[in-house]
K.L.:
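Take a look at the following structure, please.
What you are looking at is a predicted structure, and each value in this text was computed from that prediction instead of being measured.
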Amino acid sequence: MDGSVKVTGTPALQLRSVRRVYGFGSAATTALDDVHLTVPSGRFVSLIGPSGCGKSTLLRLVAGLEQPDLGEVSVHGVTPAQACAAKMIGLVPQSPALLPWLSVLRNVTLPQKINRGAGRRRERIADFAERRTAVPDMEELLVKAGLGDALHKLPAQLSGGMRQRAAIVRAFGLRPDVLVMDEPFSALDEFTRESLQDQLLDLWEELRTTVLFVTHSVSEAVRLSDTVVVMAPNPGRIVESIDVDLPRPRGERLFGERRFHEYEDLVRERLRRAWHSEAA
C-alpha cells in the first residue's frame, strides 16, 4: 500500500518497497512488507495501528537503527546512516534517557558538542544547505517548553512529564530535518499528555521540523498530525493515509469541534477495517 502524498522537490522521507523480517525459516516474522511512504518536508505524520503492525520497526528503519531486508529508505535523498552522521535525524524514545548526573541544561546541550563535523556533512546534502541550521538558544527553548525553573536541576528532581519535555527539547535543539518519536507520551496521565502535546505543537510550529510520530491514541494522532498513516499487522503494512484538514494552531478548543471528532471517527473506522481484513 502506498502512503504517499503529492510532493515537489526531494521529500524529507521516502520508503520504497520496504520489507523487514525477523528470524529465519518457519520461525520468521515479517514485521513490514512492501511498505511505501513519502513524507514532504515540514509535515507532521503519525503512524497508528495495533501492536505488531510494524510502527516501531518503521521508525527504527528511518532512524538508521535497523536496515531493511528489501527496499530502500532515504532521508532527504541520502541513507539514514548518512543523515544521522549529518545530525539530520533526531530521536525521542518512549523513555527520556537523560543522563542522571547532568543538569537539564547540560543534558539538552550535550548533543551539540558531539560530532562537530556534522554541519559540513549537512552542507553537502542537496536542498539541506538552504534550511536554517543555526544552533538555537537552548535556554530559550527550555523556557518555551515550561522548564525555565528547571534549567539547573537533575533529572531525578523532575516529574516524568518534565523529563520527557526535556528530551523533546534536546531533540529539537539539533534542528534535525526529521524528528522520529516513538510513543513519547504513552506512560503519562491524560492531563500531562495533553499539556505535552501543547508544548510539542508550539515547538513544531516555530521550527517546522518534519515529524514521524508513533502513537496508539486516535485523539493524539488527529490533534497533532497533518497526515495519519493507518497500519495493519500480519504482515505489517500501510493500509491508508488520511490527511487531517484542521486549522492550526490546534489548542484545547479543538476538542469541542465537530470536525475533530469526525476525523477521530474516520481513523477508528479505518483501524476497525484493518483488523477485520486481518481476521479474514
Side-chain angles (χ1 to χ4, degrees), residues 44-46 56 59-60 62-65 83-84 86-116 118-119 132-217 220-221 223-225 249-252:
F44 198 121
V45 175
S46 287
S56 293
L59 214 66
R60 289 195 295 271
V62 170
L65 301 175
C84 286
K87 289 186 178 179
M88 292 173 61
I89 300 176
L91 173 64
V92 180
Q94 292 182 27
S95 173
L98 301 175
L99 297 177
W101 59 89
L102 294 181
S103 69
V104 169
L105 181 59
R106 292 183 66 192
N107 259 289
V108 301
T109 55
L110 181 63
Q112 296 176 352
K113 302 173 183 177
I114 301 171
N115 187 15
R116 293 184 181 273
R132 214 157 32 107
T133 58
V135 175
D137 185 325
M138 298 306 292
E139 289 194 30
E140 182 180 341
L141 283 185
L142 287 169
V143 169
K144 287 182 178 179
L147 294 170
D149 294 332
L151 296 178
H152 304 295
K153 291 183 178 181
L154 296 174
Q157 298 173 287
L158 307 181
S159 67
M162 294 173 74
R163 287 195 294 271
Q164 195 61 284
R165 208 172 300 176
I168 292 170
V169 170
R170 178 180 58 189
F172 270 113
L174 289 176
R175 287 291 179 94
D177 187 63
V178 174
L179 182 60
V180 293
M181 309 182 75
D182 191 3
E183 295 190 79
F185 308 146
S186 60
L188 304 174
D189 62 85
E190 185 174 1
F191 180 81
T192 304
R193 185 175 188 138
E194 290 180 4
S195 175
L196 263 65
Q197 290 172 10
D198 289 336
Q199 300 290 344
L200 173 59
L201 285 174
D202 286 346
L203 288 170
W204 178 79
E205 289 281 356
E206 178 179 349
L207 302 176
R208 288 294 175 169
T209 297
T210 305
V211 175
L212 191 63
F213 187 97
V214 167
T215 181
H216 277 102
S217 168
E220 183 169 74
R223 185 190 185 192
L224 296 177
S225 306
R250 296 178 183 171
E252 293 182 358

K.L.:
So which atom in Ile89 and which in Cys84 form the shortest heavy-atom distance, rounded to 0.1 Å?
P.N.:
CD1-SG, 3.9 Å

K.L.:
Does any non-hydrogen side-chain atom of Gln164 lie less than 4.5 Å from one of Leu196?
P.N.:
yes

K.L.:
Assess the residue pair Leu179 and Leu212 against the criterion (side-chain contact (heavy atoms from CB on, under 4.5 Å)); give the C-alpha distance rounded to whole Å, side-chain angles, the decisive distance to 0.1 Å, and a yes or no.
P.N.:
CA-CA 6 Å; Leu179 182 60; Leu212 191 63; over 6 Å; no

K.L.:
Under 4.5 Å between any side-chain heavy atoms of Leu98 and Arg170, yes or no?
P.N.:
yes

K.L.:
Verify, without hydrogens or angle tests, whether Arg175 (side chain) and Lys87 (backbone) share a donor-acceptor contact under 3.5 angstrom.
P.N.:
no

K.L.:
Can you name the nearest heavy-atom pair linking Val169 to Ala145, along with the distance?
P.N.:
CG2-CB, 3.6 Å

K.L.:
Measuring only between side-chain heavy atoms, which start at C-beta, is Val92 closer than 4.5 Å to Phe172?
P.N.:
no

K.L.:
Could you work out, with salt bridge (Lys or Arg N to Asp or Glu O under 4.0 Å) as the rule, every residue matching Arg60, not counting sequence neighbours?
P.N.:
Glu66

K.L.:
Could you measure the distance from the NZ atom of Lys153 to the CG atom of Leu105? Nearest 0.5 Å is fine.
P.N.:
14.0 Å

K.L.:
Minimum heavy-atom separation for Thr192 to Gly161, with atom names?
P.N.:
CG2-CA, 3.9 Å

K.L.:
Got a second to check how far Leu201's CG is from Glu206's CD, nearest 0.5 Å?
P.N.:
13.0 Å

K.L.:
Any donor-acceptor pair under 3.5 Å linking the side chain of Asp182 with the backbone of Pro93?
P.N.:
no

K.L.:
Taking C-beta and beyond as the side chain, do Val211 and Met181 meet within less than 4.5 Å on heavy atoms?
P.N.:
yes

K.L.:
Going from OG1 on Thr210 to CE on Met88, what distance comes out if it is rounded to the nearest 0.5 angstrom?
P.N.:
9.5 Å

K.L.:
Is there a side-chain contact between Leu142 and Val108 (heavy atoms, below 4.5 Å)?
P.N.:
yes

K.L.:
With a 4.5 Å limit on heavy-atom distance, are the side chains of Leu102 and Leu110 in contact?
P.N.:
yes

K.L.:
Counting N and O atoms only, with roles assigned by atom type, does the side chain of Trp204 sit under 3.5 Å from a partner on the main chain of Phe44, one being a donor and the other an acceptor?
P.N.:
no

K.L.:
Which atoms form the tightest heavy-atom contact between Pro176 and Ala171, and what is the distance?
P.N.:
CD-O, 3.2 Å

K.L.:
Could you name each residue pair satisfying salt bridge (charged side-chain N to carboxylate O under 4.0 Å, His left out) that touches residues 187-198, not counting sequence neighbours?
P.N.:
Arg193-Glu220, Asp198-Arg223

K.L.:
If you count every heavy atom of other residues, nucleotides or ligands that lies below 6.0 Å from Asp149 atom CG, does the total exceed 12?
P.N.:
no

K.L.:
With a 4.5 Å cut-off on side-chain heavy atoms, are Lys144 and Asp202 touching?
P.N.:
no

K.L.:
Atom CG in Leu141, atom CG in Leu207: separation rounded to 0.5 Å?
P.N.:
6.0 Å

K.L.:
Can you check whether Val180 reaches Val178 side chain to side chain, under 4.5 Å on heavy atoms?
P.N.:
yes

K.L.:
Check for a donor-acceptor pair, side chain of Arg163 on one end and backbone N or O of Leu158 on the other, with a separation under 3.5 Å.
P.N.:
yes

K.L.:
Which heavy atom of Asn107 sits nearest a heavy atom of Pro155, and at what distance?
P.N.:
ND2-CG, 3.9 Å

K.L.:
By salt bridge (Lys or Arg N to Asp or Glu O under 4.0 Å), which residues pair with Glu205, not counting sequence neighbours?
P.N.:
Arg208

